[in-house]
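Below, chains carry the letters A, B, ... as their sequence lines are ordered, and counting in each starts from 1.
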Amino acid sequence: MSFLKRTHNCGELRLSDSGEKVTLNGWVHKRRDLGGVIFFDLRDRFGMTQVVVNPETADSDLYELAKTVRSEFVIAIEGEVTARPEPGKNKEMQTREIEIYISKLEILNKAESTPFEISAADDIHEDTKMKYRYLDLRTPKLQNNIVTRHKYYQIARNYFSQNNFVEVETPILMKSTPEGARDFLVPSRMHNGRFYALPQSPQTYKQLLMVAGFDKYFQIVKCFRDEDLRADRQPEFTQVDVEMSFVDEIDVQETTEGLMKKLFKEFRNTELELPLPRMTFAEAMSRFGSDKPDTRFEMELSEVTDLVCESDFQVFKDTKERGGIVTGICVKGGATFSRKKLDELTDYAKKFKVKGLAYFKLGEQLSSPIKKFFSEELMQRVFDTFSAEQGDLILLVADQTETAQVATGELRLKIAKEMNLIDESKDSIFWVTEFPLLEYSEEDERFVARHHPFTAPLTEDLELMDSDPLKVRARAYDLVWNGHEAAGGSIRIHQNSVQEKLFKLIGLSEEEAREKFGFLLDALKYGTPPHGGIAFGLDRQVAQFCNVDAIRDVIAFPKTVSASSPMDGSPSNVSEEQLDQLGLRIKN
RNA sequence: GGAGUGGUAGUUCAAUUGGUUAGAGCACCUGCCUGUCACGCAGGAAGUUGCGGGUUCGAUUCCCGUCCAUUCCGCCA
């Protein structure tokens, strides 16, 4: 069956096309029936064009048919491009200077009235939109996001190809490994009782590709983690995965920067200045209380341990004695915060494991629960340290170094968001380097790799691996963009002996290490080049370029926060037969 | 696993100290309307108040449980 096929899309006709006979296909976005003349806004993914049916010029069959057309009908129209008497009032509409005088109309398919209006989808609750995701995807906003994502793929692929990288696919069914996130497991009919795992990332494979001599590898790849979701976390997400041989961290960073420059050119229309700034982990923590600081606003942390320990406040002194610090921020204009507000901030800080929050409120009167422990003169020196003026608020946190810094950093962020201090039109993008190699897990009562267990230690810190493992810095780097980790990577261990030593440090016995990573340890013995790489969180980056908060909005078919899909009903039960074949039984 | 917010018509919201027939905008349906672009006007249909239980003469409203959405903490090398 044939139909009127489009000669143009709904976003491309302009005044200069006047007089031309065109055919358009699309969805009826809105319809305005004035009793005589009828207007449609015809929509496709390229835009919208106004279509006019005039009873005086259209024949009566056409007019009667046009009267039956409703929102979201799929139609084909033929007609003449005509200048409008007045340009359309909708300034967003690029075709607003013209309209199509219709001479033929075909209804290609009718539509029931949709569960929500495509033209007003912004305020609809997420559950309704998720159930009818294919309708939400009709909205110009989501269509733009998905197209931006497409462009990102293209730019990345071109960039890496032009720079001599090879795209290689790695297995989706792989071996379950310890460390890191929970795996999604996949049973198999052929191997009852055994399981594949979906990759949390292709980490081991890309290192093996380096052993194999593939020099420069990249892949745009799905990764899977069975952890709780957030606005910026989905159980399956996409990484731009990169690995390079014969490189150090500067080479990997330069490669990354080159791509970011192209992306910023395309999506922000700005020239990114290279090289990007560098900040060590230690500096990020002490200045911003975060390993991914948002530097679009100030309110930096100041450490005042020695100063405040001149007071008689025992809590500060005890903290110092136990090796902790006192750090804080100055909230400009924060003296207006109510007691209730300060209680709320205290509760918020406690979420991050500090015991309390001290403050100096420089209002009409100085107000502070700890001022009796401070001399006038000492207080003034504290204020000076923070450059605090009348009307400001100083918040102080005392605890072990990292705990105090993190809690203060979180307060800094929360307050900045509430006081609207973040300039969304700016971009803050830079490297954070020299992460600690290890951290101590209270839960597991052992050291765990902060990045992953293949990350190389800084050469000058190698000897610390025996004496003071927590002090060892890693050759790891994160690209931080507007307070998010946009990419993260490291130079890998390419010597078997160092790798084995690290496994030992994180409590993996030789047997366990062999059992879990034997193939990698073996490979490292057969001539492994120095190598390193990085992985970009594609969803997060695209979300940033689209100026949306949730990566849900840049994924065609995302999961809800409970990791399910209201649209297709996954995950779902399966039949007894399926379970039997897999040798599985549901416990309860 | 924990905390916050929300769930009432297709949809977005309202409903006084617990009170009688649960309202409004948009969408939908009918009629009118020849330059709209949030078209306009008149009328109409549309409800398991998420679900289950409890208190009460009476529950959208109070209590308990539970489900869903969303944000955050834990978790996510």
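Along RNA chain B, the nucleotide closest to Arg182(A) and the one closest to Ala563(A) are compared, and the more 5′ of them pairs with Ala563(A). Remark on RNA chain B: of its neighbouring residues Leu229(A) and Lys89(A), the 5'-side contact belongs to Lys89(A), judged by nearest-heavy-atom nucleotide.
Between C39(B) and Lys30(A), a contact under 4.0 Å exists linking OP1 or OP2 to a side-chain N or O. Here Arg552(A) reaches the OP1 or OP2 of U71(B): one of its side-chain N or O atoms lies under 4.0 Å away. In this model, the phosphate group of U70(B) is not approached by any side-chain N or O of Ser562(A) to a distance below 4.0 Å at OP1 or OP2. The phosphate of C39(B) (OP1 or OP2) has no side-chain N or O of Arg31(A) nearer than 4.0 angstrom.
Between Ile98(A) and Asp17(A) there is no side-chain heavy-atom pair separated by less than 4.5 Å.
Taking atom C1' in both G52(B) and C67(B), one finds a spacing of 10 Å when rounded to whole Å. One C1' atom belongs to A22(B), the other to G35(B), and the distance between them is 41 Å to the nearest Å. For the C1' atoms, the distance from U70(B) to C63(B) is 25 Å, rounded to whole Å. Across the P atoms, U12(B) and G6(B) are found 15 Å apart, a figure rounded to whole Å. G50(B) and A69(B) are spaced 11 Å apart, taking the C1' atom of each and rounding to whole Å. Spacing between U61(B) and U55(B) at atom C1', rounded to whole Å, works out to 13 Å. For the C1' atom pair drawn from A46(B) and U11(B), the interatomic distance equals 12 Å after rounding to whole Å. Using atom C1' as the reference point in both U71(B) and G65(B), the two lie 24 Å apart (nearest Å).
For Asp122(A) and G25(B), the CG to P distance is 22 Å, given to the nearest whole Å. U34(B) atom P lies 17 Å from atom CD of Glu99(A), rounded to whole Å. Between the NZ atom of Lys559(A) and the P atom of U70(B) there is a distance of 13 Å, given to the nearest Å. Atom CD in Glu227(A) sits roughly 6 Å away from atom P in C76(B) (whole-Å rounding). Distance CD (Glu410(A)) to C1' (U71(B)): 14 Å, rounded to an integer number of Å. Atom pair Met567(A):CE and A69(B):C1' shows a separation of 17 Å (rounding to whole Å applied). One atom, CG of Asp183(A), and another, C1' of C75(B), lie 15 Å apart when rounded to the nearest Å.
With respect to Glu344(A) and Lys341(A), a salt bridge is recorded, a charged nitrogen being found less than 4.0 Å from a carboxylate O. Arg450(A) has a carboxylate O that lies under 4.0 Å from a charged side-chain N of Glu402(A), or vice versa, which qualifies the two as a salt bridge.
Minimum atom distance to the side chain of Thr560(A) is reached by U70(B), of the listed C73(B), U70(B), U36(B). Counting only heavy atoms from C-beta on, Val37(A) has its side chain closest to U34(B) among U34(B), C73(B), C76(B). For Val561(A), counting side-chain heavy atoms from C-beta on, the closest listed nucleotide (U71(B), G35(B), C75(B)) is U71(B). Of the candidates G35(B), A69(B), U34(B), the closest approach to any side-chain atom of Pro55(A) belongs to U34(B).
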Open item on the list: Walk along nucleotides 3-14 of chain B from 5' to 3' and tag each nucleotide B, S or - by protein heavy-atom contact under 4.0 Å, base first, then sugar-phosphate.
Closed with: -------SSSS-
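Applying the side chain to side chain donor-acceptor pair (under 3.5 Å) rule to pairs touching residues 26-47 of chain A yields His29(A)-Arg43(A), Arg32(A)-Asp41(A), Arg32(A)-Gln50(A), Arg43(A)-Glu72(A), sequence neighbours excluded.
Across all strands shown, Ser564(A) has heavy atoms under 4.0 Å from sugar-phosphate atoms exclusively, and none from any base. Within 4.0 Å of Glu92(A), counting heavy atoms only, lies no atom of the nucleic acid at all. Counting non-hydrogen atoms under 4.0 angstrom, Arg70(A) reaches the backbone sugars and phosphates but no base. Gln200(A) comes within contact range of the sugar-phosphate backbone alone, with a heavy-atom separation under 4.0 Å but no base atom that close. As judged by a 4.0 angstrom heavy-atom cut-off over every strand, Pro87(A) is placed among the base-contacting residues. Nucleic acid contact class of Val448(A) (heavy atoms, under 4.0 Å, all strands): none. Residue Asp33(A) is classed as a base contact, given a heavy-atom separation below 4.0 Å to a base.
Side-chain atoms of Gln207(A) and Gln203(A) form a donor-acceptor pair, as typed in the model, at a separation below 3.5 Å. With no hydrogens or angles considered, no side-chain donor-acceptor pair links Thr403(A) and Gln400(A) at under 3.5 Å. Donor-acceptor pairing under 3.5 Å is lacking for the side chains of Thr68(A) and Arg70(A). Side-chain contact of Ser570(A) with Ser572(A): a donor-acceptor pair under 3.5 Å is absent, judged by distance alone. With 3.5 Å as the limit, one finds a donor-acceptor pair spanning the side chains of Thr170(A) and Gln219(A). Between the side chains of Thr346(A) and Asp343(A), no donor N or O sits under 3.5 Å from an acceptor N or O.
Between the side chain of Arg32(A) and the base of G40(B) there is no donor-acceptor pair of N/O atoms closer than 3.5 Å. In this model, no side-chain donor or acceptor of Arg225(A) finds a partner on the base of C75(B) within 3.5 Å. In terms of polar N and O atoms assigned as donor or acceptor, the side chain of Asn54(A) never comes within less than 3.5 Å of the base of G35(B) in a complementary pairing.
Under the Watson-Crick or G-U wobble criterion, with both distances below 3.5 Å, U66(B) is paired with G50(B). Across all strands shown, C75(B) forms no Watson-Crick or G-U wobble pair with both key distances under 3.5 Å.
In summary, the aromatic rings of Phe517(A) and Phe454(A) are positioned with their centroids under 6.0 Å apart.
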Polar atom pairs between nucleotides 43-46 of chain B and protein, under 3.5 Å, N or O only, would you list them?
none

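Within the cation-pi definition used here (under 6.0 Å to the ring centroid, within 45° of the axis), Lys175(A) does not qualify as a partner of Tyr196(A). Taking the ring axis of Phe237(A) as reference, the NZ or CZ atom of Arg540(A) does not stay both within 45° of it and closer than 6.0 Å to the ring centre.
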